[in-house]
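Below: the structure, in structure tokens.
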2 protein chains.
Amino acid sequence: MARRRNSVTIREVAEDAGVSLQTVSRVINDEPNVRPQMRDRVQSSIDRLGYVPSLAAQRMSGSRSYLILAINDRERTLADWRERSGTDWVDQMLLGGTLTCSKHGYRMIVELVDTHADHVERELSATVSALQPDGVILTPPHSENPQITRLLAQRNIPFARIGSTEDGPGIRLTMGDEGAAYASTKRLIELGHSKIAIIAGPDQYSLSGWRIEGWRRALAESGLSDEGLCERGDFGYDSGTKAARILLDRHSDLTAIIGSSDKMTLAALEVARDRGLHVPRDISLISFDNTPIVRFSQPPLSAVDQPIAETVSIAVEHLINLDKSPPVRNVIDVPAQLVERSSTGPAPASK
Amino acid sequence: MARRRNSVTIREVAEDAGVSLQTVSRVINDEPNVRPQMRDRVQSSIDRLGYVPSLAAQRMSGSRSYLILAINDRERTLADWRERSGTDWVDQMLLGGTLTCSKHGYRMIVELVDTHADHVERELSATVSALQPDGVILTPPHSENPQITRLLAQRNIPFARIGSTEDGPGIRLTMGDEGAAYASTKRLIELGHSKIAIIAGPDQYSLSGWRIEGWRRALAESGLSDEGLCERGDFGYDSGTKAARILLDRHSDLTAIIGSSDKMTLAALEVARDRGLHVPRDISLISFDNTPIVRFSQPPLSAVDQPIAETVSIAVEHLINLDKSPPVRNVIDVPAQLVERSSTGPAPASK
DNA sequence: TTGAAAGCGCTAACAT
DNA sequence: ATGTTAGCGCTTTCAA
């Protein structure tokens, strides 16, 4: 077994520059109390030797691991990956996360954790013990799992809760759910629609409720009724089919549906087509998520784009700078934009 | 700043079980020379205290970091993520990689590296110094970048080269390119096609050549000509449009096109539509990659599924078990399957 | 402003 | 079969 004599160490840099280890360490970490001249000398040794500190060693001695952990729900994520149906949640997390991490010399590690009660604590605890991350990013449904948040709080590990506004420890971030639902509904009203339904997500997800609130607020503002116009799904295709059928059966004068996920809205599109309804001539559709597939349906769906990359990036930024800046107390709402495509149009005149 | 007194250490386990650190270490690492009775005693202390060894400490003392690095081309990956056009290459790598890693107590870290000449060595060198991974997975075009392979070989870091059969260090894996192109062409011939074109990938990618070979081999076996039937693209949409136009202009009797990427094939579909050709009645299309979007085009495309997850999983398995098993000398070819959808059909009778 | 000493949590090498 | 010692590469603490 070959010795691991392949990396340059701080000792070699110190010798090369003719200074103590400590001085090199100070230069690496941008600490004060090093004369500029000395700093330059050390830096040039570092550059020449191509020295980069070992993360493991830094973690061992210091207090930081330079690791940020992003946790996703195992079951759902694996299902998405296996299905290959274009859900790019993880990609967008990586886009926002790894770029921001690397700006600060950090790495992001993606882990899958079961929400299932019994395992959670053991599983997360093991991961945290092994990796000792400097910060953890929680996504729904983990963001509101008390077993998880309690564990992290106890262990004194900074964390961000995406999609949660509940009180408690951790930085809270939302992705403009209420506002986007409000704006989308407003837009439909502006297009002349007055009977606007929503296929909401499951109520374990707080964001399902926020979207309903936004939709309801817009309706109320225009004096429109929301009665019998809200159905729940589970974000999946089949639940969308079911909800769309119920809504269309119940309201013959329905002219618009907002779906709380791409799959559910795509299902609604299919249901409409089955009933001979043309989109957007007879009925308008707005989706949530804006994953790749909505651009390829017929017609391409108007959709609220979830700013996942941006949100994760902000979360990382806060986690890394926690000690330097004042603690974040309020909820950070990253606004979401409606991308209009061809599934929205003026309300039909006759109805 | 709170002390990091939050994790259980090996010392506490040793005290709890009344044994030496070393014995605990032996139990953790499943080493011989521990009596079953002793092993049980230690294990129960481990379980009770919820002890999990620190990766950083293991790396510091031992020779392993329990980290596998997966390297992708920065420019291309970022473009895919920003475009959100459904390329799920990274997801599939994670699917295959993280699952297999975690089976062995490893983690996978995804890094983006510029192929661009000047930076590569510095960049990769820095990453490797910081992380000291036990293995690296290289994807095209890195797999055949001599600067990268040389560096890793020098540093004695085991690595896998996906999409490369070139001689040299590292485990070589391919994703059935030649075979899948051959099988796809055969299938078209079986459907009665005799004029079958290919839109190949750029020649910096070896796999572009392998696919051409498979296509050519099938044509030759049936005594069909390949003359003027191969055009190159760069895997992107525009290049597919251009190539498809050239092919259709050149051969009025063309009845089938194999595209070496989903984007190029989707472009070909569009070109066909523009010219009033119905797919698959007038012309059949087979794509390569099988990313999510091909299921949503009209008609859904028949496509060769790239077994990315499986290939990465195999690569990880080999990297982790390198010391235990004999070295891999030959190229590991993970076969790819043709998924038939609605873009392939019998050749038109008239032509 | 700089340096020396101690130790982070673990494993390799060497006892016993 | 088990324990002891040394040390991985770095930062913290303390001294100069």
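So that the names make sense, note that chain A is the first sequence line, chain B the second, and so on, each numbered from 1.
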Let me know the distance between CD of Q37(B) and P of dT2(D), rounded to the nearest Å.
8 Å
In whole angstroms, the gap separating P of dT12(D) from CG of N33(A) amounts to 14 Å
Under-4.0 Å side-chain N/O to phosphate OP1/OP2 contact, Y66(A) with dC10(D)
no
d(CD, Q58(A); C1', dG9(C)) in whole Å
16 Å
Find the distance between OG1 (T115(B)) and CD (E144(B)) and round it off to the nearest 0.5 Å.
12.5 Å
If the cut-off is 4.0 Å, is R35(A) near the phosphate of dT2(C), judged by side-chain N/O to OP1 or OP2?
yes
For the pair made of CZ in R11(A) and C1' in dC8(D), what is the distance, rounded to whole Å?
10 Å
For the atom pair CD1 (I320(A)) and NE2 (H104(A)), what is the distance rounded to the nearest 0.5 Å?
5.0 Å
Along DNA chain D (nearest heavy atom to each residue), the more 5'-positioned of M60(B) and P32(B)
P32(B)
Grab the CD1-P distance between I10(A) and dG7(C) for me, whole Å please.
19 Å
Figure out the CD1/C1' separation between I28(A) and dT11(D), and round it to whole Å.
10 Å
Does the pair R150(B)/E121(B) count as a salt bridge with the N-to-O cut at 4.0 Å?
no
Can you find a donor-acceptor N/O pair under 3.5 angstrom joining the side chain of R26(A) to the base of dG3(C)?
yes
Which whole-number value in Å describes the distance from L55(A) CG to dC10(D) P?
11 Å
Separation of R41(B) atom CZ from dA1(D) atom C1', in whole Å?
13 Å
For the atom pair CG (L69(A)) and CG (L319(A)), what is the distance rounded to the nearest 0.5 Å?
11.0 Å
Pair E166(A) + R161(A), salt bridge at N-O below 4.0 Å
no
Answer yes if the side chains of D134(A) and S65(A) hold a donor-acceptor pair under 3.5 Å, and no otherwise.
yes
Residues within residues 14-25 of chain A bordering DNA chain D, heavy-atom distance below 4.0 Å:
Q22(A), S25(A)
Say you draw a straight line from CD1 of I68(B) to OG1 of T98(B); how long is it, rounded to the nearest 0.5 Å?
12.0 Å
Quiz item: S61(B) side-chain donor-acceptor pair to dC10(C) base, under 3.5 Å:
yes
